[in-house]
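Here the structure comes first, spelled out in structure tokens, and everything after it is commentary.
Whatever order the structure lists them in is the order used to number ligands and atoms, beginning at 1. Because only heavy atoms are used, hydrogens play no part in the values below, and waters and symmetry mates are left out as well, while side chains stay in.
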Amino acid sequence: MALKTLEDALVEGLEDLVSAESQIAEVLPKMATKATNKELKTAFRDHLKQTKEHSKRLKQAFKLMGKKPQSKTCEAAKGLVEEGKSIIEEDAEPDVMDAMLINAAQKVEHYEIASYGTLCTWAKLLGLKEVHAVLAETLNEEEQTDKNLTKLAKKSINKNAINKV
Ligand code: FE
Ligand code: FE
């Protein structure tokens with residue numbers, strides 16, 4: 001079907017995110033297991049819980065628009081998740097691994113921030129207030145997660161990873 005309106009683009013964006021969120025929910029437990037730093041492990045586990053809520057909110061957004069929830073393979077998430085998985089497989093010092101896991105996770109968060117940011121803008125423009133509210137809630141959590149990961153990296157993980165031989 002041809003996409004005729006911004007509303008059609010919004011629906012396609014939601015479908016992309018359904019796929020992205022489910023792929024992310026699949027890799028986060030692996031990242032939590034691989035992380036050594038306790039706070040980082042907790043951050044990944046907490047974000048897994050949030051990610052499951054994000055999937056629910058997407059379904060809610062479809063419902064609010066009178067559409068059937070669908071998934072369209074998110075190729076970007078596929079690439080980012082594959083990258084994350086290959087990092088997990090690498091032979092690295094625990095602190096170095098943690099620093100790399102943060103990097104991989106932030107790439108994912110930035111993809112989500114860009115996606116939810118755009119869809120929030122579109123929903124607002126289309127006057128879809130409730131859809132906007134639902135998406136903005138998730139956007140806020142993605143932004144907080146990104147900030148928290150930066151904080152953890154700066155606090156000790158990056159420094160601990162320096163000069164590992
Ligand atoms: Fe998410
Ligand atoms: Fe996220």
Worksheet item: Given the rule in the side chain to side chain contact (heavy atoms under 4.5 Å, CB included) test, do N148 and H47 qualify, once you have shown the distances and angles that lead to the verdict?
Response: CA-CA 11 Å; N148 186 41; H47 198 53; over 6 Å; no

Worksheet entry | E141 vs T51, side chain to side chain contact (heavy atoms under 4.5 Å, CB included): CA-CA, chis, key distance, verdict | CA-CA 9 Å; E141 288 178 359; T51 298; over 6 Å; no

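Considering the Fe ion (ligand 2) as centre, the angle to NE2 of H47 and to OE2 of E109 is 80° (10° rounding).
Distances from the Fe ion (ligand 1) to the N/O/S atoms of E112 are shortest for OE2. Distances from the Fe ion (ligand 1) to the N/O/S atoms of E142 are shortest for OE2.
Look at H54 and the Fe ion (ligand 2): no N/O/S atom of the residue is under 2.8 Å from the metal.
Distance check: M31 CE to I87 CD1 gives 7.5 Å after rounding to the nearest 0.5 Å.
Side-chain heavy atoms closer than 4.5 Å link hydrophobic residues (I, L, V, M, F, W, Y) into clusters, and following such links, even through other members, never connects L80 to I113.
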